[in-house]
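Presented below is the structure to which this report refers.
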Amino acid sequence: MNRIRNFNRGLSMNALISVSDKTGILEFAQALHALGVRLLSTGGTAKLLADAGLPVTEVAEHTGFPEMLDGRVKTLHPKIHGGLLARRDLPAHVQAIEQHGIDTIDILAVNLYPFESTVAKAGCTLEDAIENIDIGGPAMVRSAAKNWKDVAVLTDASQYAGVLAELKAGGITQKTKFALSVAAFNRIADYDGAISDYLSAIDFEASIGQPAPQRSAFPAQSNGRFVKLQDLRYGENPHQHAAFYRDLYPAPGSLVTARQLQGKELSYNNIADADAAWECVKSFDAPACVIVKHANPCGVAVGASALEAYAKAFKTDSTSAFGGIIAFNRPVDLATAEAVNKQFVEVLMAPGYSPEALAVFQATKAKQNVRILQIDLPKGGATDWDNGRNAMDVKRVGSGLLIQTADNHELQLSDLKVVTKKQPTPAELQDLLFAWKVAKFVKSNAIVFCKDGMTMGVGAGQMSRLDSARIASIKAEHAGLPLAGTVVASDAFFPFRDGLDVVVDAGATCVIQPGGSMRDQEVIDAADERGVAMVFSGVRHFRH
């Protein structure tokens, strides 16, 4: 077999470095040079390396063709792609590159123009977006990734140290080269997906004459991009297979950012229920506890401390709490851990734990099975993402998707409209807001009795709102919780007065509902007849 050409006959490897994000690249190049690797580079990267005293060959010098069109054309050349794509194990490939004077490239370090961060900036123009679409970079990455057996392609600074370690140990392994190739193709897919999402959301006609393009929240093509976190033992049922994925850029304070401190592997149902509990508990400002069973809150409360909130939440439905998912929005201390430890819990979540609290769940082998997750609460900000919430919700249907903006509406006291003769008391108004928050996380049809910052009875997931009201009162009775003087939240309007009569008969003195029924006046008249207060929220919270 003919000998493969190199830039310098005395060197064994050649690296092409061309990066937009220059994090760690100088140190990486210095280490490559120290290992005897010859450096080829472009534009600003070449200048950075040269200014640091490294011997570097510019691409234009290597190809004999100058950069042109404001740098749009520089690496799209047979001497680059031939050096990346030539298979060293095929004599015909070796002969072809020898014949045309093409040198092989063994390492490619490329990251792409910052398209995603550019379009994320307020006021980004279409011209700025287009100019940040990389062409030569993805082309080189694809060439190198395709020829992974012969070329190591690096697309992220986090990969530099591992590759250098293997080079120092004798060479980059095939396993690593393949992993780098997969990562490279994933990066290209993510990049192209971001471009597609952005461009296909633009309303071209509406954007004419505007400084920034007018974009729809729902692009003409949706390109979901997710990263697998782990395979799961099985899905919702043992005969189903499952895996857990996260968004490419997860929101701070979301479930996928959790750190598991101890316990068995999370199951599919654990994760689904944990998300329901965590999303609910982080919606409260005061110390709160949420207990979830089968995706529904069975106990929610606020208190002066995590311990008080837990004690109140547990009272709501201690039977359903068995084997439940418990979430706190405050760190768990020793007293709270000792209280929780008295029941069987599948998953425990909080923003932190004292060492003494963690020790409680290490006392026995059985307790060590408890899955303990620590999740930092989001710091908050102007966007849903800043607040740890999904901007969009997705539901899979047969061969399709339903995509909607997430139900992130937050009801304020000023939003409430009193529609009855009787006015709610200040204490009832606070309980109404609390009950409304809980109802938002209960499966429809949802009816929630509350008092003093605590759920007293929860009716969920019934085909009839009337049945949900009955179930909520029955559960309160079984828990020994008196419903006299409670408030009630209904996630959607009462279509008839019968549902209202059920909750008033049970003891409710104040009701919150969206309103909007053709029989609203009938229900309002019924509330006046029964001597209870009713407020309209103007917002519905169906949850299917």
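Just the heavy atoms: all of them, side chains too, but no hydrogens, waters or symmetry mates, feed the values below.
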Margin query: Under 6.0 Å between ring centres: does that hold for F434 and F284?
Written below: yes
Item checked: Closest heavy-atom pair and its distance - A212, C124 -> CB-O, 3.5 Å
Next item on the list: Take F496 and D501 through the side chain to side chain contact (heavy atoms under 4.5 Å, CB included) test and state the conclusion after the steps.
Entry: CA-CA 10 Å; F496 304 98; D501 285 328; over 6 Å; no
Next item on the list: Hey, could you give me the NZ/CG distance between K440 and L411, rounded to the nearest 0.5 Å?
Entry: 10.0 Å
Check: Quick one: does K282's side chain have a donor or acceptor within less than 3.5 Å of a partner on G388's backbone?
Finding: yes
Margin query: Evaluate R225 against D197 for salt bridge (charged side-chain N to carboxylate O under 4.0 Å, His left out), listing each step before the verdict.
Written below: CA-CA 11 Å; R225 300 187 296 283; D197 282 345; 2.9 Å; yes
Notebook entry, point to check: Regarding N111 and D21, is there a side-chain donor-to-acceptor distance under 3.5 Å anywhere?
Noted result: no
Next item on the list: Evaluate side chain to side chain contact (heavy atoms under 4.5 Å, CB included) for D491 paired with W436, printing each intermediate quantity in order.
Entry: CA-CA 8 Å; D491 65 337; W436 191 247; 5.5 Å; no
Check: Between D376 and K379, is the closest basic N to carboxylate O distance under 4.0 Å?
Finding: no
Margin query: So, taking the atom named OG1 in T405 and the one named CG in N390, what distance separates them when rounded to the nearest 0.5 Å?
Written below: 11.5 Å
Check: So, do F361 and L261 sit near enough that their side-chain heavy atoms are less than 4.5 Å apart?
Finding: no
Item checked: Donor-acceptor contact present, side-chain N387 to main-chain G381, <3.5 Å -> yes
Item checked: Ion pair check, D431 and K451, cut-off under 4.0 Å -> no
Next item on the list: Please name the pair of heavy atoms, one in G193 and one in N223, separated by the smallest distance, quoted to 0.1 Å.
Entry: O-ND2, 3.7 Å
Checklist line | Beyond-backbone contact of F493 with V523, side-chain heavy atoms, under 4.5 angstrom | finding: no
Check: side chain to side chain contact (heavy atoms under 4.5 Å, CB included) with K177: which residues, sequence neighbours excluded?
Finding: W148, A152, I172, Q174
Item checked: Side-chain heavy-atom pair T509, T425 within 4.5 angstrom cut-off -> no
Notebook entry, point to check: Quick check: does any side chain N or O of D393 sit under 3.5 Å from a backbone N or O of A406, one acting as donor and the other as acceptor?
Noted result: no
Check: Aromatic ring centroids of Y198 and F115 under 6.0 Å?
Finding: yes
Next item on the list: Examine distances only and state if a side-chain atom of Q362 and a backbone atom of L358 form a donor-acceptor pair shorter than 3.5 Å.
Entry: no
Item checked: Test item: C510 and L432 side chains (from C-beta on) under 4.5 Å apart, heavy atoms -> yes
Margin query: Nearest 0.5 angstrom please: H541 NE2 to S490 OG, how far?
Written below: 11.5 Å
Item checked: With sequence neighbours excluded, residues passing side chain to side chain contact (heavy atoms under 4.5 Å, CB included) with N270 -> L266, S267, I325, E346, V347, R371
Note to self: Quick check: closest heavy atoms across A217 and P219, and the distance to 0.1 Å?
What the structure shows: O-CD, 3.5 Å
Note to self: Does F178, at its CZ atom, have more than 12 non-hydrogen atoms belonging to other residues, nucleotides or ligands within less than 6.0 Å?
What the structure shows: no
Item checked: Test log, rule salt bridge (charged side-chain N to carboxylate O under 4.0 Å, His left out), inputs E410 and R389 -> CA-CA 12 Å; E410 295 183 5; R389 300 183 299 208; 2.6 Å; yes
Notebook entry, point to check: Can we call the ring centroids of Y245 and F226 under 6.0 Å apart?
Noted result: no
Notebook entry, point to check: Please walk me through it: do Q462 and R470 pass side chain to side chain contact (heavy atoms under 4.5 Å, CB included)?
Noted result: CA-CA 10 Å; Q462 299 304 304; R470 290 169 176 155; over 6 Å; no
Notebook entry, point to check: Under 3.5 Å, side chain of D317 to main-chain N/O of A479, donor-acceptor pair present?
Noted result: no
Check: Are any side-chain N or O atoms of K315 and backbone N or O atoms of M454, one a donor and one an acceptor, separated by less than 3.5 Å?
Finding: no
Margin query: Tell me if a side-chain donor or acceptor on K367 pairs with a main-chain N or O of N341 at a distance below 3.5 Å.
Written below: yes
Check: Measuring from L164:CG to Q159:CD, what's the distance to the nearest 0.5 Å?
Finding: 11.5 Å
Check: Partners of S158 by side chain to side chain contact (heavy atoms under 4.5 Å, CB included), sequence neighbours excluded?
Finding: D156
Next item on the list: Determine whether more than 12 heavy atoms belonging to other residues, nucleotides or ligands lie under 6.0 Å from atom CZ of F185.
Entry: yes
Checklist line | Gap separating the CG atom of D505 from the CZ atom of R530, nearest 0.5 angstrom | finding: 4.5 Å
Notebook entry, point to check: For I375, does its backbone N or O pair with a side-chain atom of R259 as donor and acceptor, under 3.5 Å?
Noted result: no
Next item on the list: Report yes if the side chains of P297 and V458 come closer than 4.5 Å at any heavy-atom pair, otherwise no.
Entry: no
Margin query: Between F536 and Q513, is there a side-chain heavy-atom distance shorter than 4.5 Å?
Written below: yes
Margin query: According to side-chain hydrogen bond (donor to acceptor under 3.5 Å, both in side chains), who are the partners of D415, at least two apart in sequence or on a separate chain?
Written below: none
Margin query: Rounded to the nearest 0.5 Å, what separates atom CZ in F244 from atom CG in L229?
Written below: 5.5 Å
Margin query: Against V300, only a single residue in V281, T316, V290, V448 fulfils side chain to side chain contact (heavy atoms under 4.5 Å, CB included); can you say which?
Written below: V290
Next item on the list: Sequence neighbours left out, what passes side chain to side chain contact (heavy atoms under 4.5 Å, CB included) with E116? Give chain and number order.
Entry: R187, Y191, A194, Y249
Notebook entry, point to check: Given the rule in the side chain to side chain contact (heavy atoms under 4.5 Å, CB included) test, do V442 and R543 qualify, once you have shown the distances and angles that lead to the verdict?
Noted result: CA-CA 7 Å; V442 177; R543 187 178 183 88; over 6 Å; no
Check: Is there a donor-acceptor pair under 3.5 Å between the side chain of D273 and the backbone N or O of A295?
Finding: yes
Item checked: Side-chain touch K417/V535, heavy atoms, less than 4.5 angstrom -> no
Notebook entry, point to check: If every non-hydrogen atom of A242 is compared with every non-hydrogen atom of G235, which pair is closest and at what distance?
Noted result: CB-CA, 3.6 Å
Check: Any side-chain heavy atom of F542 within less than 4.5 Å of one from N445?
Finding: yes
Next item on the list: Locate the shortest heavy-atom distance separating A469 from V503; write the atom from each residue and the value.
Entry: CB-CG1, 3.9 Å
Checklist line | Under 3.5 Å side-chain donor-acceptor pair for E166 and T176 | finding: yes
Note to self: Tell me if the CD atom of Q368 is crowded by more than 12 foreign heavy atoms within 6.0 Å.
What the structure shows: yes
Check: Any donor-acceptor pair under 3.5 Å linking the side chain of S117 with the backbone of P114?
Finding: yes
Notebook entry, point to check: What's the shortest heavy-atom distance between D285 and R330, and which atoms?
Noted result: O-NH2, 2.7 Å
Item checked: Q343: partners by side-chain hydrogen bond (donor to acceptor under 3.5 Å, both in side chains), with sequence neighbours left out -> Y310
